[in-house]
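First up is the structure itself, then whatever we jot down about it.
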Amino acid sequence: MMNDKKPPSSPIKDRHCYRVSRLVSLSQDQSLSFGQMVYMQSHLMMCRNCRDFSKNIDKLGQMMKAYKNRKR
Amino acid sequence: MERAIDEQFVRTIYPTLIAFARTQLKDSTRAEDVVQNALMSAMQHQDKFQGQSAFKTWVFAILKNKIVDELRVCNKYVAVGDCFEDENDDLVLTTLFNESGAWHTDTEPTAFDNSWLMDHDDLESQEFWQVLETCLENLPAEQAKVFLMKEYMELDTDEICQQCGISSQNFYVLMHRARLRLQYCLKLHWFDDEI
């Protein structure tokens with residue numbers, strides 16, 4: 001039996017690095033649930049690209065602060 | 001009385017103000033109006049400011065308030081649908097991730113070094129801010145607006161959602177897309193850029 005209700009159209013399934021990148025971004029804006037935190041942290045331990053992405057996103061926040069406070 | 005703020009000075013900061021206003025307001029006529037209003041109110045009180053840098057900071061503060069007002073008024077008239085013309089920017093996703101949701105090897109993130117952290121008067125640091133500004137300007141309008149409201153104006157999520165007439169889910173999607181784009185843009189044009 002087919003379920004004809006399709007998920008929202010996204011070419012990428014909501015998992016792995018893509019999903020972790022969403023959690024990394026979300027964690028900048030609100031605190032993650034316990035489950036989200038475990039999912040993210042366990043992935044970050046194994047995945048160097050996502051660790052780099054996570055650090056880069058932290059730095060992006062610092063850049064925006066420095067940009068705002070820079071001497072004009 | 002000697003005035004620190006002359007025509008020459010206004011001419012110098014004008015492009016920066018316009019560029020900032022345009023990232024927030026899609027319509028360039030509205031951006032120009034807002035910048036002119038901000039400059040006019042700033043000029044009226046210019047004698048309170050010693051030196052151009054204090055004045056410039058103050059003009060920016062006024063400009064930000066004017067933009068917030070403008071967005072508030074505008075959102076009464078703009079259909080929510082218009083706010084989301086950029087929501088399906090799948091291209092950035094397919095550039096960064098493969099079908100199983102892993103990073104593509106040629107576009108994967110690599111750790112940013114500290115080359116952006118420099119003395120603020122440093123010439124190279126000026127160049128970095130130009131790269132950052134260009135990356136911000138290249139964001140789709142809605143992403144730029146929401147990202148700057150959060151990271152530059154430091155408004156909280158509820159206020160941003162209210163002013164833009166979006167749900168918190170929309171907000172997180174826009175912030176995620178903006179960060180993916182900015183991270184990739186900075187990697188491409190600054191951190192991986194070998195000169």
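To find a chain, count down the sequence lines: A is the first, B the second, and so on, and within it residues start at 1.
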A/Cys17 to B/Phe97 - nearest heavy-atom pair and separation: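 For A/Cys17 versus B/Phe97, the nearest heavy atoms are C-CE2, 3.9 Å.
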
Heavy-atom cut-off 4.5 Å, strictly under: side chain, backbone, both or neither for B/Ile13 against chain A?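 When you check distances to chain A, no heavy atom of B/Ile13 falls under 4.5 Å.
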
So for B/Leu96, is it side chain, backbone, both, or neither that comes closer than 4.5 Å to the heavy atoms of chain A?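 For B/Leu96, no heavy atom lies under 4.5 Å from chain A.
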
Would you mind telling me which of B/Leu174, B/Leu182, B/Thr23 makes a side-chain contact (heavy atoms from CB on, under 4.5 Å) with B/Phe147?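 In the set B/Leu174, B/Leu182, B/Thr23, the residue that makes a side-chain contact (heavy atoms from CB on, under 4.5 Å) with B/Phe147 is B/Leu182.
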
Mind ranking [options] by heavy-atom pairs under 4.5 Å with chain B and telling me who comes out on top?
options                            : value
A/Val24, A/Ile57, A/Asn56, A/Asp52 : A/Asn56
A/Leu26, A/Asp29, A/Leu60          : A/Asp29
A/Met63, A/Gln28, A/Gln62          : A/Met63
A/Cys47, A/Cys50, A/Gly61          : A/Cys50
A/Lys55, A/Gln30, A/Arg48, A/Arg51 : A/Gln30

Restricting to salt bridge (Lys or Arg N to Asp or Glu O under 4.0 Å), what partner residues turn up for A/Lys59, sequence neighbours left out?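 Expected list: none.
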
Could you list the residues that satisfy salt bridge (Lys or Arg N to Asp or Glu O under 4.0 Å) with B/Arg22, not counting sequence neighbours?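 Once residues adjacent in sequence are excluded, the partners of B/Arg22 under the salt bridge (Lys or Arg N to Asp or Glu O under 4.0 Å) criterion are B/Glu32.
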
Under 6.0 Å between ring centres: does that hold for B/Trp103 and A/Phe53?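 Under 6.0 Å, so yes.
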
Does B/Phe171 have its ring centroid less than 6.0 Å away from the ring centroid of B/His176?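 B/Phe171 vs B/His176: aromatic centres not under 6.0 Å.
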
